[in-house]
Amino acid sequence: MKFLRTLALAAVAAPLAAFAAGAELHLDKAPVSFENKSLQNGAKLFVNYCLNCHGASYLRYNRLKDIGLSEDQIHDNLMFTADKVGEQMKVALQRDEAKQWFGVAPPDLTVIARARASEFGSGADWLYTYLRSFYHDEKRPTGWNNVVFENVGMPHVLWELQGEQVAHFAEKDDGHGNKTKHFEGFELVKPGKMDKAQFDQNVADLVSFIVWMGEPAQQTRKQIGFFVIAVLSLLAVVSFLLKKAYWKDVH
């Protein structure tokens with residue numbers, strides 16, 4: 001019996017220990033905005049820089065009307081892989097070809113912001129930090145690496161906007177004679193089309209759009225929720241007053 005109890009505790013503790021031993025991520029807080037201006041800019045960036053390889057097949061183009069775009073604007077400026085506004089946001093890239101080129105097929109991004117949430121931060125925080133953390137690495141097939149996702153197969157598609165940066169690392173002793181590599185910072189060696197503030201804002205808009213894609217009705221749902229809570233609160237007050245009125249003569 002004691003053996004079984006020990007075995008059960010070990011089975012529970014082993015995954016927790018492995019989880020705790022994983023590398024800690026330092027994520028920047030994503031300044032997510034659901035204003036139409038930010039979402040429209042994010043949609044433009046997504047279509048031009050992400051939709052070439054990554055699909056958003058759980059979202060249809062006509063849903064972009066929710067962020068203030070007309071059907072003509074969607075059709076003329078954002079539709080490169082479809083003919084009808086009611087079609088899904090898919091890509092023409094074949095999964096087997098993508099796997100051959102990048103080592104793994106690029107994932108669908110419709111709900112990626114939810115999938116990347118962890119104890120280190122939200123999925124938006126992960127995406128915001130990841131997209132700003134590419135650095136030049138001659139050892140990688142694409143010439144790029146990433147501090148958040150080491151040895152990632154994805155190239156730095158936003159490099160023309162951000163520029164080229166290198167990462168500085170330092171080896172530190174963990175106290176047990178083991179050397180570990182610690183990230184110290186980036187150095188911009190080739191400027192891009194945007195300065196740091198402009199690039200960070202555009203990445204924030206892109207991340208905001210990706211978060212919005214995961215649940216386009218999120219803002220409406222929250223507004224309805226607040227309205228329902230307000231109505232229930234009012235009913236609670238009215239019910240309390242009625243109760244006092246009905247029972248005032250009861251002793």
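Please read all numbers here as calculations on a predicted model, not as lab measurements.
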key: Under 3.5 Å donor-acceptor, Asp125 side chain and Ser122 backbone   = yes
message = Side chains of His168 and Glu187 only: does a donor on one sit below 3.5 Å from an acceptor on the other?
response = yes
Test item: Ile210 and Met213 side chains (from C-beta on) under 4.5 Å apart, heavy atoms = yes
Heavy-atom donor-acceptor pair, Glu71 side chain to Asn62 backbone, under 3.5 Å = no
inquiry  = Let's go through Lys190 and Gln165 carefully: what are the C-alpha distance in whole Å and the side-chain angles of both, what is the deciding distance for side-chain contact (heavy atoms from CB on, under 4.5 Å) to 0.1 Å, and is it a yes or a no?
reply    = CA-CA 7 Å; Lys190 184 179 179 180; Gln165 60 184 10; over 6 Å; no
query = Does the distance from a Lys or Arg side-chain N to an Asp or Glu carboxylate O, for Asp28 and Arg132, drop under 4.0 Å?
reply = yes
Tyr58 atom OH: more than 12 heavy-atom contacts under 6.0 Å = no
inquiry  = Side-chain heavy atoms nearer than 4.5 Å, only ILVMFWY residues, links allowed to pass through others: does that put Tyr128 and Phe186 together?
reply    = no
ask   = Is there side-chain contact between Val152 and Phe134, with heavy atoms separated by less than 4.5 Å?
value = yes
ask   = So which heavy atom on Glu184 is nearest to which on Ala170, and how close?
value = OE2-CB, 3.2 Å
ask   = Of the non-hydrogen atoms in Ser208 and Ser33, which two are nearest, and what is the gap between them?
value = OG-N, 3.0 Å
message = To check you understand the geometry: which heavy-atom pair defines the closest contact between Trp144 and Gly163, and what is its length?
response = CH2-O, 4.5 Å
ask   = Any side-chain heavy atom of Glu150 sitting closer than 4.5 Å to one from Lys181?
value = yes
message = For Gln198, is the CD atom crowded, meaning more than 12 foreign heavy atoms sit under 6.0 Å from it?
response = yes
inquiry  = Do Leu127 and Leu161 land in one hydrophobic cluster if side-chain heavy atoms of ILVMFWY residues count as linked below 4.5 Å?
reply    = yes
Any side-chain heavy-atom pair of Tyr61 and Met89 under 4.5 Å = yes
task = Take atom CZ of Phe199 as the centre, draw a 6.0 Å sphere, and report whether it contains more than 12 heavy atoms from other residues, nucleotides or ligands.
result = yes
key: Glu138 atom CD: more than 12 heavy-atom contacts under 6.0 Å   = no
Contact summary for Asp83 and Met79, nearest pair of heavy atoms = C-CE, 3.6 Å
note = Looking only at heavy atoms, the pair that brings Gly143 and His136 closest together is O-ND1, 3.1 Å
query = What about the rings of Phe169 and Tyr135, do their centers lie closer together than 6.0 Å?
reply = yes
query = With no hydrogens and no angle check, is any side-chain donor or acceptor of Gln88 less than 3.5 Å from a backbone partner on Ser57?
reply = yes
Leu45 CG to Leu158 CG distance, which is reported to the nearest 0.5 Å = 7.5 Å
key: Shared hydrophobic cluster, Leu59 / Val111 (ILVMFWY, side-chain heavy atoms < 4.5 Å)   = no
ask   = Are the side chains of Trp212 and Leu64 in touch, meaning some heavy atoms are under 4.5 Å apart?
value = yes
query = For Ala43 and Leu78, which heavy atoms make the closest approach, and how far apart are they?
reply = O-CD2, 4.2 Å
ask   = Once you round to the nearest 0.5 Å, how far does OH of Tyr246 lie from NZ of Lys244?
value = 15.0 Å
inquiry  = Once rounded to the nearest 0.5 Å, what's the spacing between atom CG of Asn41 and atom CZ of Phe209?
reply    = 11.0 Å
Side chain to side chain, Tyr49 and Leu206, heavy atoms closer than 4.5 Å = no
remark   = So NE2 of His26 and OG1 of Thr129: to nearest 0.5 Å the spacing works out to 11.0 Å
ask   = Is Ser38 reaching over with its side chain to a backbone N or O of Phe34, donor-acceptor style, under 3.5 angstrom?
value = no
task = Return yes if a side-chain donor-acceptor contact under 3.5 Å exists between Ser133 and Asn146, otherwise no.
result = no
task = Would you mind checking if Asp137 and Arg140 are paired as a salt bridge, meaning a charged N to carboxylate O distance below 4.0 Å?
result = no
request  = Could you check whether the rings of Trp126 and Tyr130 sit parallel, tilted or perpendicular, using 30° and 60° as the cut-offs?
outcome  = parallel
ask   = Using a distance-only test with no angle check, is there a side-chain donor-acceptor pair under 3.5 angstrom linking Gln162 and His156?
value = yes
key: Gln40 side chain to Ile67 backbone, donor-acceptor under 3.5 Å   = yes
query = Is it true that Glu87 and Arg60 make a salt bridge, defined as a side-chain N closer than 4.0 Å to a carboxylate O?
reply = no
query = Just by distance, with hydrogens left out, do Asp72 and Ser70 show a side-chain donor and acceptor under 3.5 Å apart?
reply = no
query = Can you get from Ile229 to Val237 by hopping between Ile, Leu, Val, Met, Phe, Trp and Tyr side chains that sit under 4.5 Å apart?
reply = no
query = Can you get from Met194 to Trp159 by hopping between Ile, Leu, Val, Met, Phe, Trp and Tyr side chains that sit under 4.5 Å apart?
reply = yes
request  = Rounded to the nearest 0.5 Å, what's the gap from CZ on Arg221 to CZ on Phe226? Could you check?
outcome  = 10.0 Å
message = Please tell me whether Asp205 and Gln201 have a donor and an acceptor in their side chains that are separated by less than 3.5 angstrom.
response = yes
Side-chain heavy-atom pair Phe46, Leu109 within 4.5 angstrom cut-off = yes
request  = Output the distance between atom CG (Leu69) and atom NZ (Lys44), rounded to the nearest 0.5 Å.
outcome  = 11.5 Å
ask   = With side chains defined as the heavy atoms from C-beta onward, is the minimum distance between Val91 and His54 less than 4.5 Å?
value = no
